[in-house]
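Report on one structure; see the data block that follows.
Since we're looking at a predicted model, the values are computed, not measured. Just so we're on the same page: letters track the sequence lines, and every chain starts at 1.
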Amino acid sequence: MRSLAVVSALLSGPIAAQTGVQYQVDSLPNGLRVILSEDHSTPVVSVDVWYHVGSRNEQAGRSGFAHLFEHMMFQGSRHVGKGQHFQLVERAGGDLNGTTNEDHTAYYQELPANRLNLGLWLEADRLRSLAITVENFENQRQAVKEERRLRVDNQPYAPALTEGITLLYDSTTCFGYAHSVIGSMADLDSAKVSDVQAFFDLYYAPNNATLAVVGDFDPAEAKQLIRQYFGDLPRGREPAPVSCGYDFAVGARRRVWEDEHANLPAVIIAYRTPAHEDPDTPALALLGTILGGGESSRLNRGLVRQARTALAAGSQSASRLGPGFFAVFAVANQGTGPDTLERQLSAEVKGIIEEGVSAEELSKARNDFRAANIFGRQTTMQVAERLQHYAHLHDSLEDMRTDLDRYLAVTAEGIRRVAGKYLVPDNSFTIVVVPKEGR
Amino acid sequence: MNCLLPSLAALVVLCAAPAGAQYPTSPPPPGPLRPLQFPPFREARFANGLEMVLVENHELPIVSVALAMPAGARHEPAGREGLAGLVAELLTKGTRTRTADQIAAEIEGVGGSLSAGAGDDFFSLSVTVLTDHLDLGLGLMSDVLLNATFPEDEVELARKRVLSTLQLEKSDPNALAGKFFAQALYGDHPYGRSASDSSIRALTRAEIQQFAATWLKPRGALLVIAGDLSLSDARRHIERYLGGWTGASPVAGAVASPPAAGATRILLVHRPGSAQSNIVVGNLALAAGDPLHYPATVGNKILGGGADSRLFAILREQKSWTYGASSGLSRRRDTGHFSAGTEVRTAVTDSALTELLVQLRRMRTEPVADSELVAAKGYLVGSFPLSIETPQQVAGQVSTVKLLGLPDDYLRTYRNRLAAVTAADVMAAARRVIRPDSAVIVLVGDGLGVYDKLTQIAPVRMVDTDGKPLAPEDLAPKATGPVAFDRAQLVSRRDSFQVSVQGNVFGHMTADLAVSADSAVYTEETVIAAAGFRQRTVVRLDPGTFATRTVDQTGSGAGQALEIHLVYRNGRVNGRAQTPVPGAAGPKVTDVDTALAQGTIDINAFQPLVAALPLAEGASIAVAAFEASENVTRTLTAKVSAPQDVTVPAGTFSAFRVETAGGAQPFVFYVGRDTPRRLLKIEIVGQPLAFELVK
């Protein structure tokens with residue numbers, strides 16, 4: 001068997017590079033979706049579970065719950081004591097973490113290949129019997145509040161950016177995308193254990209989850225373990241769909257934040273963009289590379305190198321289940337005010353709308369996506385996250401085979417068109433951060 | 001199956017299925033693991049002295065090339081800190097045949113990356129491309145290395161950006177902590193120095209050219225290639241692109257020694273308005289090749305190496321003080337260092353630092369438990385497969401070993417040497433490596449909230465973010481006289497609050513304010529039956545200025561009687577305070593006769609008056625408040641954050657969140673925004689206790 005494995009490992013490389021990621025799917029009667037992808041090149045395996053719940057599912061007054069809940073998932077379950085989850089994975093030579101965003105909550109661990117059973121069992125135990133206690137809850141509420149202080153309240157620019165991006169959408173018609181993932185201090189303070197329990201009951205069910213296993217494992221053994229550990233969990237009820245009403249061109253809005261921690265002004269102009277499934281998504285992605293990707297980008301060349309008004313300038317975007325955003329930003333050099341940055345950022349955007357992009361820029365953006373497609377397959381964890389992306393944001397996993405072609409098929413005219421459609425003042429929210437008076 | 005779920009509905013949903021007899025009730029045991037060796041790599045040497053390591057791997061069509069030369073901060077003349085960094089920034093900004101824009105367009109045009117950087121000891125130049133573009137990538141790498149011109153206008157652009165970056169970093173708590181810590185630990189040694197306004201302004205183009213011409217040489221340099229390339233092809237390419245690179249750099253001169261360790265002291269970097277304190281504690285430790293590194297590594301994992309470590313478990317999972325706490329060993333060729341750190345909310349700064357020091361001392365005095373030893377090795381040895389997943393990871397490990405001057409068999413013997421470490425070894429290493437009693441402690445935070453308490457732990461030296469000395473007096477908010485209370489917010493009303501813990505009501509409080517043209521009386525009654533606590537407070541205020549006139553408080557707690565009677569007149573307070581002391585034989589009695597600064601209120605007057613403070617988003621208001629039971633005047637600082645919606649039994653309201661510190665306990669008051677403002681909710685920070693408006 002070993003020599004066969006060696007031969008297959010030697011061959012799988014170049015073939016895999018040409019044919020893309022190989023995988024097989026499975027599902028349990030209780031609705032758990034399973035994706036298995038073998039890679040025998042190194043004896044490691046990644047176990048990555050995505051729950052179909054994020055901050056988009058939160059209600060007003062209860063922001064930050066999905067992320068707070070992510071913390072609770074590490075606090076122990078029926079057969080795992082508090083702190084033991086970290087201990088068991090690390091002691092087995094593994095790394096682990098979790099992340100929450102608007103659309104999903106992910107839990108992952110990478111382990112030596114002979115510990116696949118441990119990774120699967122830990123995910124199963126916390127799904128079937130998470131220990132939600134007042135003590136654990138109080139403790140993690142405080143940890144999340146400290147996380148908010150660390151990432152937002154005690155950092156320059158972060159409060160404006162965190163809040164500003166959420167103001168793109170109307171909280172009365174689209175609360176899901178009109179508040180931050182980390183949540184407000186007030187809502188974190190008023191959360192109760194019973195709320196957390198209700199959240200778990202509704203969203204943490206096998207029919208609301210996808211389990212991806214990538215690496216050096218035997219699929220038959222993996223399927224057997226998954227059935228053994230997850231099979232008897234009952235299906236939960238289907239959570240209500242999230243509704244999000246929004247319009248694009250509602251009129252330009254602007255807000256100035258005085259930031260006691262910012263030493264230099266900064267400007268972010270954010271624009272509303274459609275959901276990931278929209279046909280305009282690939283063109284918007286290539287526009288992002290051209291406007292803000294690297295030293296050859298429009299924003300870097302225009303503001304940092306030529307005008308010399310910005311210390312740094314670029315773009316950032318999020319493409320989500322619900323509506324997303326596309327933002328251009330710049331941080332000022334000493335001696336430059338925010339109005340100048342705002343003017344120059346708008347001018348760069350307008351330049352693309354009026355004159356389009358060059359053949360070289362288009363070629364760069366396409367090659368960037370081509371290369372990223374390959375760079376993104378180096379580790380089992382990267383592959384797991386890619387499979388999960390397609391499982392959650394696309395109708396079919398098979399889109400993974402053809403998606404790159406969709407991006408490579410975008411034309412210069414297509415990029416110009418989406419710039420003119422979305423990156424317009426009526427569709428913008430401008431965030432201006434200025435150092436607080438008297439600093 | 002037993003279900004730990006309180007709700008009946010959940011009980012039905014999740015317990016309906018019969019428990020599988022096969023479901024393991026304890027972690028399943030490991031499967032068999034085949035022995036794994038460190039992956040093979042090839043080495044070669046070129047005529048110009050360049051050494052090459054190749055980690056060949058054809059799984060993906062990627063080639064990563066990383067060149068390291070001994071040229072870093074260590075090689076900068078004093079007064080020219082930041083020179084190596086500027087050389088790195090400018091190396092890719094123009095050659096004899098290409099402009100900066102052309103270089104960027106070329107490499108990014110194929111989806112590759114080209115970058116240069118300078119650290120303390122080494123200068124790096126890296127390029128990563130898909131195999132198809134290897135010639136382009138190596139061609140650019142060779143061009144910038146051999147033919148960089150450092151154009152004058154690029155130098156000025158880079159200088160401008162670095163100066164702006166320095167200013168930006170002065171507000172970044174993590175950057176400040178790192179900079180001041182390195183300075184305190186290493187002093188005049190190059191590792192302790194960092195770029196400053198003056199050093200960046202002093203640098204000239206000639207010095208930049210000179211640095212590159214002197215130090216970026218092949219003899220002594222290490223080239224590491226990982227990915228889709230065979231040895232023969234690698235040799236051929238390097239001969240072609242770097243064969244013309246010649247020379248050797250001079251031996252680096254001697255450098256100043258780091259300062260000798262003294263008794264532990266704290267450097268407090270005052271960053272006004274900090275929501276957290278960034279704490280770093282550390283000391284100089286081992287040279288890279290010291291065999292104590294193995295037990296030190298095991299000990300460090302136990303102390304603060306990740307989520308399964310003492311610092312994380314205690315400071316975060318037990319005490320709830322932080323999002324994360326960790327420790328680490330920094331490895332340098334000659335002298336490395338140990339450090340431990342965390343970021344905690346301002347109010348618990350002193351407690352967290354004290355606990356951190358306790359844990360550091362414990363490593364020196366108590367052998368670690370067997371279970372901890374097994375767990376640490378489980379990770380350090382067991383994670384080996386994860387550390388060699390990509391050829392770049394493998395290359396990185398080989399590179400580290402060579403650049404640190406470690407023996408050739410280091411990688412091969414690493415796991416065995418770790419596995420052999422005992423608890424006694426860990427303790428012996430801790431005694432060398434972890435020295436809390438002669439440590440450098442750097443703390444970046446709001447001095448106003450922490451200075452006094454820190455002086456109880458160790459001598460404190462305070463500076464501002466520029467490093468200029470600050471005295472405690474410099475911290476006090478500029479007093480502009482007594483706070484002007486907004487009369488419009490104070491109307492007669494009677495409010496009832498419930499006292500709850502986690503949604504369970506344990507008591508009640510009524511707050512009655514009676515205001516007329518010639519009197520203002522605040523009466524507050526609180527009963528928490530389960531805690532045996534009763535209190536009735538009557539505060540008479542001046543109807544014009546709302547200054548405190550008298551305070552009368554009675555009640556009982558912890559089985560002892562409470563009684564306070566005070567009169568405020570002519571800038572003095574007189575009276576007596578008898579306050580319960582839990583666990584003591586009887587209450588404490590304090591006779592009061594003290595002069596007060598103008599505008600000082602009684603601490604019991606703060607609650608009725610908080611709604612009348614000049615509340616506005618971002619405001620920070622200082623109020624002097626006398627606390628009779630301690631016979632001290634406290635400076636309460638109320639910080640107002642952005643309005644938020646708050647839900648209490650009386651309804652949902654838009655409210656200011658007012659964090660108040662400086663008293664015996666930090667509080668959060670939620671005050672409704674509509675005039676007349678109502679107090680909606682009071683929380684005690686760090687406790688699950690809350691007072692919520694009912695009606």
Open item on the list: Whether Arg128(A) engages the ring of Tyr23(B) as a cation-pi pair (distance to the six-membered ring centre under 6.0 angstrom, angle to the ring normal within 45°) should be assessed.
Closed with: yes

Open item on the list: On the six-membered ring of Tyr323(B), is Arg149(A) placed so that its NZ or CZ lies under 6.0 angstrom from the centre and within 45° of the ring axis?
Closed with: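 No, a cation-pi geometry is absent between Arg149(A) and Tyr323(B).
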
Segment of [X] engaging chain A (4.5 angstrom heavy-atom cut-off):
{"X": "Asp153(B)", "value": "both"}
{"X": "Glu372(B)", "value": "neither"}
{"X": "Gln393(B)", "value": "neither"}
{"X": "Ala313(B)", "value": "neither"}
{"X": "Val162(B)", "value": "neither"}
{"X": "Lys377(B)", "value": "neither"}
{"X": "Pro272(B)", "value": "backbone"}
{"X": "Pro32(B)", "value": "backbone"}
{"X": "Thr390(B)", "value": "side chain"}
{"X": "Ile103(B)", "value": "neither"}

Among [options], residue most engaged with chain B (heavy-atom pairs, under 4.5 Å):
{"options": "Gln87(A), Arg115(A), Lys364(A)", "result": "Arg115(A)"}
{"options": "Gly61(A), Ala332(A), Gly83(A), Gly94(A)", "result": "Gly94(A)"}
{"options": "Ala143(A), Ala205(A), Ser296(A)", "result": "Ser296(A)"}
{"options": "Ser297(A), Ala186(A), Gly335(A), Ala312(A)", "result": "Ala186(A)"}
{"options": "Ala113(A), Pro112(A), Pro159(A)", "result": "Pro112(A)"}

For chain A, the option from [options] that forms the most heavy-atom pairs under 4.5 Å:
{"options": "Glu343(B), Lys160(B), Glu169(B)", "result": "Lys160(B)"}
{"options": "Glu106(B), Gln276(B), Lys681(B), Gln644(B)", "result": "Gln276(B)"}
{"options": "Leu130(B), Asn57(B), Leu157(B), Asp101(B)", "result": "Leu157(B)"}
{"options": "Asp645(B), Val129(B), Leu163(B), Ile107(B)", "result": "Leu163(B)"}
{"options": "Ala307(B), Ala104(B), Ala105(B), Gly324(B)", "result": "Ala307(B)"}
{"options": "Pro29(B), Gly112(B), Ala655(B)", "result": "Pro29(B)"}

Task: Carboxylate-amine/guanidinium contact Arg62(A) Asp195(A), below 4.0 Å - done: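 Salt bridge: yes.
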
Task: Salt-bridge present (Arg271(B), Asp446(B); N to O < 4.0 Å) - done: no

Task: Sequence-distant partners of Asp189(A), side chain to side chain donor-acceptor pair (under 3.5 Å), two or more places apart - done: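 In terms of side chain to side chain donor-acceptor pair (under 3.5 Å), with neighbours along the sequence ignored, Asp189(A) is linked to Lys145(A), Arg657(B), Tyr670(B).
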
Open item on the list: For Asn333(A), give me all partners under side chain to side chain donor-acceptor pair (under 3.5 Å), at least two apart in sequence or on another chain.
Closed with: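 Here the qualifying residues are Ser164(B).
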
Open item on the list: To the closest 0.5 Å, what do you measure between CH2 (Trp321(B)) and CZ (Arg345(B))?
Closed with: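 Going from the CH2 atom of Trp321(B) to the CZ atom of Arg345(B) covers 9.0 Å.
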
Open item on the list: Nearest 0.5 Å, please: how far is CG in Asn154(A) from CD in Glu146(A)?
Closed with: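 Taking CD in Glu146(A) and CG in Asn154(A), the distance rounds to 10.0 Å.
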
Task: Heavy atoms from other residues, nucleotides or ligands near CD of Gln224(A) exceed 12 (cutoff 6.0 Å) - done: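 Above 12, so yes.
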
Given 3.5 Å as the limit, does a donor-acceptor pair link the side chain of [X] with the main chain of [Y], or not?
{"X": "Gln109(A)", "Y": "Val89(A)", "answer": "no"}
{"X": "Asp39(A)", "Y": "Asp216(A)", "answer": "no"}
{"X": "Thr379(A)", "Y": "Gln382(A)", "answer": "yes"}

Open item on the list: Between His85(A) and Gln75(A), is there a side-chain donor-acceptor contact under 3.5 Å, judged purely by atom types and distance?
Closed with: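 Side-chain D/A pair, Gln75(A) to His85(A): absent.
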
